[in-house]
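See structure below.
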Amino acid sequence: MKIKMKVTIIGGGVIGLCSAYYLQQEGHEITVIDRGDITDGCSFGNMGYISPSHFIPLASPGIISEGFKHMLSSSSPFYIKPRLNWQLMQWGYHFWKNSNAATVKKNAPHLNDLLQLSRHLINNMRDEIGDVFEMEEKGCLMMCKQQKTLDHEFHLADEAEKFGLTVERLQKDAVQQLEPDVELNVAGAVLFKDDCHFNPGKMMVALKKYLETKNVRFQLNTTVTGFEKANNKISAVITDKGKFNTGEIVLSPGSWLPALAKMMGISLLLQPGKGYSHTYAQVEKNIRYPAILVDGRCAVTPWGQSLRIGGTMELSGINQNILISRMKGIYDSAKDFYPGLKIDFPPAGKIWSGLRPVTPDGLPYIGKAANIDNVLIAGGHAMLGISMGTGTGKLVSEIIQRKTTTINISAFDPERF
Ligand SMILES: Cc1cc2nc3c(=O)[nH]c(=O)nc-3n(C[C@H](O)[C@H](O)[C@H](O)COP(=O)(O)OP(=O)(O)OC[C@H]3O[C@@H](n4cnc5c(N)ncnc54)[C@H](O)[C@@H]3O)c2cc1C
């Protein structure tokens with residue numbers, strides 16, 4: 001006999017909603033609490049890639065020196081605001097410690113497992129909730145301007161093939177053939193054919209609507225401010241709208257994970273990594289393929305006539321301040337790679353920003369809290385929350401039901417630092 005559990009999910013971003021999706025399939029009683037109304041946030045304005053191609057964790061060899069090189073420029077794609085902050089220093093120390101070839105070799109297969117699982121599950125989810133979020137399965141281009149960058153991408157393509165991914169190595173003319181309407185200024189590209197993309201805002205809206213029809217309860221505009229504990233369990237969630245009794249808790253508040261975990265007495269290392277984007281509603285002669293502009297360190301995603309450009313990783317704490325010069329860096333890169341693209345620099349009020357939840361080793365946190373029986377932590381997906389949302393949701397559902405998980409989750413232990 002199935003036991004029906006009362007599950008409270010804190011945070012209705014892509015991780016919270018995907019967790020609700022798999023838990024409702026098992027007939028549990030679910031409430032999602034979010035301090036907003038789930039119409040904006042990191043899960044909405046991102047680039048919308050599902051990227052099995054991104055099996056190399058963010059903490060990897062060369063990233064530190066690359067970061068320092070870029071930090072001196074105001075339009076750079078990477079920035080750490082220097083400040084005396086103990087959390088940031090601890091995070092930085094562990095990020096540095098994990099940015100080596102041996103750790104990458106150890107962690108990449110785990111990232112790959114979760115990415116591949118999620119890639120498979122997103123098709124099932126689309127079939128179930130309806131094809132209303134402009135999903136296209138044509139792959140993603142890693143576009144390179146410099147031959148040196150292209151050589152490196154070709155090398156990564158070899159690694160990708162070892163993980164079973166399908167890739168095409170393209171020289172300039174072959175890439176241009178994929179984009180017949182827009183002049184390109186690149187040396188070449190790798191097309192990762194297993195990648196796909198969709199409109200993440202539309203996906204979030206569709207998923208929330210679907211969950212409502214399945215009796216998932218949404219307690220919106222409600223901020224969690226604390227917890228009540230009894231016998232190694234959280235007995236109630238305290239919010240600005242009152243107290244909620246609960247059975248199981250899924251903690252998925254994105255970049256606010258350390259703050260909420262701390263209220264439970266759990267210490268987690270995570271930094272918000274701010275990124276920017278702008279969406280053009282109508283582009284005359286639009287590009288056809290989503291692409292990461294590798295040496296430009298930004299990305300472009302087309303959906304029919306519309307186009308999103310985005311990027312940057314700014315470690316400046318929790319804030320939504322927009323630095324126009326960083327958006328300028330993204331815009332200039334897009335124009336540099338696609339000189340024929342007719343887009344203007346966006347007005348300040350139309351620039352979106354979102355906070356990626358970044359762990360020190362580039363792997364997410366997925367697993368039970370060590371000393372609290374009814375809390376499961378799901379977060380820290382950094383640049384890959386959309387890519388790993390479905391797989392994470394499935395794992396969350398399996399862990400809560402004490403089932404054997406589809407993939408090995410030992411590397412995602414939330415209390416590994
Ligand atoms: C520019 C940019 C481009 C990106 N592109 C991609 C991409 O192409 N592919 C990809 O896979 N990923 C991408 N990402 C990363 C992806 O967007 C994130 O990994 C993902 O959105 C994180 O989801 P989340 O559910 O963990 O957090 P969030 O989406 O931040 O959701 C957390 C929720 O918790 C709520 N919350 C927080 N605190 C409280 C509280 N106290 N009480 C109640 N509710 C609370 C918030 O309101 C929020 O709704 C990109 C990110 C950026 C910034």
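Both ligands and their constituent atoms are indexed starting at 1 by order of listing. Because the structure is predicted, anything quoted here is derived from the model rather than measured.
- Summary of contacts: the protein heavy atom closest to atom 2 (C) of ligand 1 is Arg356 NH2, 3.6 Å.
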Quick one, Glu128 with Asn124, criterion side chain to side chain donor-acceptor pair (under 3.5 Å). Give me CA distance, side-chain angles, the key distance, then yes/no. CA-CA 6 Å; Glu128 171 73 25; Asn124 301 348; over 6 Å; no
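- Here Ser277 has no heavy atoms under 4.0 Å from ligand 1, in either its backbone or its side chain.
- Nearest protein neighbour of atom 13 (C) of ligand 1, counting heavy atoms only, is Met383 O, 3.2 Å.
- Considering backbone and side-chain N/O of Ser43, one or more are found under 3.5 Å from N/O of ligand 1.
- Taking distance alone, with nitrogen or oxygen atoms compared against 3.5 Å, Thr223 stays at or beyond that limit from ligand 1.
- Taking each of Gly45, Gly12, Gly254 in turn, the one with a heavy atom nearest to atom 27 (O) of ligand 1 proves to be Gly254.
- In this structure, a donor-acceptor pair under 3.5 Å is present between the side chains of Ser353 and Gln320.
- Considering backbone and side-chain N/O atoms, Val224 comes within less than 3.5 Å of an N/O atom of ligand 1.
- Nearest to atom 5 (N) of ligand 1 among the protein's heavy atoms is Met47 N, 3.1 Å.
- The N/O atoms of Pro357, backbone and side chain alike, include none that comes under 3.5 Å of an N/O atom in ligand 1.
- Checked by distance only, ligand 1 and Val14 come closer than 3.5 Å through their nitrogen or oxygen atoms.
- Electrostatic pairing of Asp332 and Lys328 counts as a salt bridge here, judged by a charged N lying under 4.0 Å from a carboxylate O.
- With a 4.0 Å cut-off on non-hydrogen atoms, Trp256 touches ligand 1 through its side chain and not its backbone.
- Here the protein heavy atom with the shortest distance to atom 18 (C) of ligand 1 is Ala382 O, 3.5 Å.
- Across Ile15, Thr222, Ile318, heavy-atom proximity to atom 24 (P) of ligand 1 is greatest for Ile15.
- In terms of N/O distances under 3.5 Å, ligand 1 is not approached by Met388.
- Between Cys42 and ligand 1, an N or O atom pair is found at a separation short of 3.5 Å.
- At the top of the distance list for atom 31 (O) of ligand 1, counting protein heavy atoms only, stands Gly13 CA, 3.3 Å.
- Counting only heavy atoms of the protein, atom 45 (C) of ligand 1 lies nearest to Arg35 CG, 3.7 Å.
- Shortest contact from atom 4 (C) of ligand 1 to any protein heavy atom: Asn46 CB, 3.1 Å.
- Salt-bridge formation is detected for the pair Glu248/Lys368: a Lys NZ or Arg NE/NH1/NH2 atom is positioned less than 4.0 Å from an Asp or Glu carboxylate oxygen.
- Of the candidates Asn221, Thr225, Asp34, the one placing a heavy atom closest to atom 46 (C) of ligand 1 is Asp34.
- For atom 8 (O) of ligand 1, the closest non-hydrogen atom of the protein is Tyr49 N, 2.9 Å.
- Taking distance alone, with nitrogen or oxygen atoms compared against 3.5 Å, Gly48 approaches ligand 1 more closely than that limit.
- For Lys162 and Glu159, the salt-bridge test passes: some basic side-chain N is under 4.0 Å from an acidic carboxylate O.
- The pair Arg169-Glu161 counts as a salt bridge, with a side-chain nitrogen and a carboxylate oxygen less than 4.0 angstrom apart.
- When heavy-atom distances to ligand 1 are checked against a 4.0 Å cut-off, Leu260 comes that close only through its side chain, counted from C-beta outward.
- One finds a salt bridge joining Asp336 and Lys145 here, because a Lys/Arg side-chain nitrogen approaches an Asp/Glu carboxylate oxygen to under 4.0 Å.
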